[in-house]
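All remarks here apply to the structure that follows.
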Amino acid sequence: MRNLWHNFWDFLDPYRRGPLFHKYGWKGLLFIAAATYFLYQWYVGPRQCPFAGVLWLMTIGIHEAGHPIFRFISGGNFAWTIWGGTVMELGVPILAYLTFLRRGKEIQADICLLLLAIACYSVGHYSGCSLDPVISLLNAGPETLPDWDYMHKWLGTEGYEWHFRHAFYGLSAFLGALGVYLTAAHFWAWTNPDGHNYNDDDDGHDRFFTRG
């Protein structure tokens, strides 16, 4: 069983640079927990940042591309066409993340975590779109229904729209906080290969980033 576990990580993260192999320290864990909380509160709060809408367009483009791609792959199957948008929106940053991780490109992988966080926010927003009085849809006609109107019916999750929305919001907040911390930590390690800190001691107690 131990060899199977190691073989799994040898395939997924051969350089051992992923989140599970990073030493966070109490400051790093505190930052991730606090950032997750404040990001989630921002998502569910009344204020919105215009810049967030610009980032959102990046993942929405991938979503919209998924519909015709999966329609073509499935031979025009309606269900796969609907699912294709969400599958692509989440799948592209996940596959990109795993690709960079397998190549030992940790900073690029961290950025993919941030893109996945944006995608999770978008999916959360649309999975709970029945809770909103007004919803904006791209490439939609006057009688077009949101993807998740169909998907909740197929999943048997009608009535759980709030739970889906906030589960994805929570996941987005966590991935966003984790991605920001890891990006900064890996960039620090890259620019400080000797691991130096401000008072030139070697105990590391004053460091925000610990060496992985």
Side-chain angles (χ1 to χ4, degrees), residues 8 11-13 18-20 32 35-36 39-40 42-44 48 51-74 77-103 105-132 135-140 144-158 160-183:
F8 171 75
F11 172 77
L12 195 65
D13 186 8
L20 293 180
I32 293 170
T36 298
L39 266 177
Y40 175 78
W42 181 48
Y43 291 163
V44 301
Q48 297 294 331
F51 183 62
V54 175
L55 296 176
W56 198 355
L57 289 177
M58 297 168 58
T59 187
I60 287 296
I62 298 174
H63 176 105
E64 291 302 322
H67 291 308
I69 290 174
F70 272 76
R71 180 169 60 242
F72 174 78
I73 293 174
S74 66
N77 181 275
F78 178 74
W80 273 112
T81 301
I82 294 297
W83 277 103
T86 299
V87 170
M88 279 282 289
E89 190 170 7
L90 296 174
V92 167
I94 290 174
L95 288 176
Y97 171 77
L98 294 176
T99 299
F100 283 122
L101 200 61
R102 293 196 72 241
R103 294 179 179 179
K105 306 293 186 180
E106 64 271 24
I107 295 179
Q108 291 90 330
D110 299 335
I111 293 173
C112 290
L113 276 185
L114 297 175
L115 295 177
L116 181 59
I118 297 170
C120 286
Y121 174 81
S122 174
V123 172
H125 176 75
Y126 281 104
S127 67
C129 62
S130 63
L131 304 171
D132 300 325
I135 186 74
S136 299
L137 300 176
L138 297 179
N139 298 326
T144 302
L145 295 176
D147 297 348
W148 278 91
D149 274 22
Y150 298 105
M151 290 158 64
H152 279 304
K153 289 183 175 64
W154 297 333
L155 292 170
T157 55
E158 291 178 291
Y160 292 92
E161 291 84 357
W162 186 94
H163 302 80
F164 267 74
R165 168 172 282 186
H166 288 266
F168 275 109
Y169 279 179
L171 180 59
S172 173
F174 171 71
L175 290 174
L178 181 64
V180 167
Y181 177 84
L182 287 177
T183 301

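Positions are given from 1, in the same order as the sequence printed here.
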Listed partners of [X] passing ring pair (Phe, Tyr, Trp, His ring centres under 6.0 Å), at least two apart:
| X | result |
| --- | --- |
| His67 | His63 |
| Phe72 | none |
| Phe78 | Tyr150 |
| Phe100 | none |

Please assess Phe168 against Tyr121 for the test ring-ring contact (aromatic ring centres under 6.0 Å, His included), listing each intermediate value before the final yes or no. CA-CA 6 Å; Phe168 275 109; Tyr121 174 81; over 10 Å; no
Should Ile32 and Phe174 be marked as a side chain to side chain contact (heavy atoms under 4.5 Å, CB included) after you check the CA-CA gap, both sets of side-chain angles, and the distance that decides it? CA-CA 7 Å; Ile32 293 170; Phe174 171 71; 4.0 Å; yes
Could you check Glu161 against Phe164 for side chain to side chain contact (heavy atoms under 4.5 Å, CB included), going step by step and ending with a plain yes or no? CA-CA 5 Å; Glu161 291 84 357; Phe164 267 74; 5.8 Å; no
So, taking the atom named [atom1] in [X] and the one named [atom2] in [Y], what distance separates them when rounded to the nearest 0.5 Å?
| X | Y | atom1 | atom2 | value |
| --- | --- | --- | --- | --- |
| Leu39 | Tyr169 | CG | OH | 12.5 Å |
| His163 | Ser127 | NE2 | OG | 12.0 Å |
| Arg103 | Asp13 | CZ | CG | 14.5 Å |
| Cys129 | Asp149 | SG | CG | 5.5 Å |

Check side-chain contact (heavy atoms from CB on, under 4.5 Å) between [X] and all other residues, then give those that pass, not counting sequence neighbours.
| X | result |
| --- | --- |
| Ile94 | Leu98, Leu116 |
| Tyr97 | Pro19, Leu101, Ala109, Cys112, Leu113 |
| Leu95 | none |
| Leu171 | Cys120, Leu175 |

What are the two closest heavy atoms between [X] and [Y], and how far apart are they?
| X | Y | answer |
| --- | --- | --- |
| Ala177 | Ala35 | CB-CB, 3.5 Å |
| Leu114 | Gly176 | CD2-O, 3.5 Å |
| Ser172 | Ile118 | OG-N, 4.5 Å |

Residues at least two apart in sequence or cross-chain that pass side chain to side chain donor-acceptor pair (under 3.5 Å) with Thr157, listed by chain then number, are His152
With sequence neighbours excluded, what pairs up with His166 under the side chain to side chain donor-acceptor pair (under 3.5 Å) test? Tyr40, Trp162
Where the side chain of Arg165 meets the backbone of His125, is there a donor-acceptor pair that is under 3.5 Å apart?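 Side chain of Arg165 to backbone of His125: a pair is present.
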I'd like to check the salt bridge (charged side-chain N to carboxylate O under 4.0 Å, His left out) partners of Glu89; sequence neighbours left out, ordered by chain and number.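 Listed in chain order: nothing, the list is empty.
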Are the side chains of Glu106 and Leu182 in contact, using a 4.5 Å heavy-atom criterion? no
Please determine whether side chain to side chain contact (heavy atoms under 4.5 Å, CB included) holds for the pair Trp148 and Val123, giving the CA-CA distance in whole Å, both sets of side-chain angles, and the decisive distance to 0.1 Å. CA-CA 9 Å; Trp148 278 91; Val123 172; 3.8 Å; yes
Give the C-alpha distance, both sets of side-chain angles, the deciding distance and a yes or no for side chain to side chain contact (heavy atoms under 4.5 Å, CB included) between Trp154 and Ile82. CA-CA 11 Å; Trp154 297 333; Ile82 294 297; 3.8 Å; yes
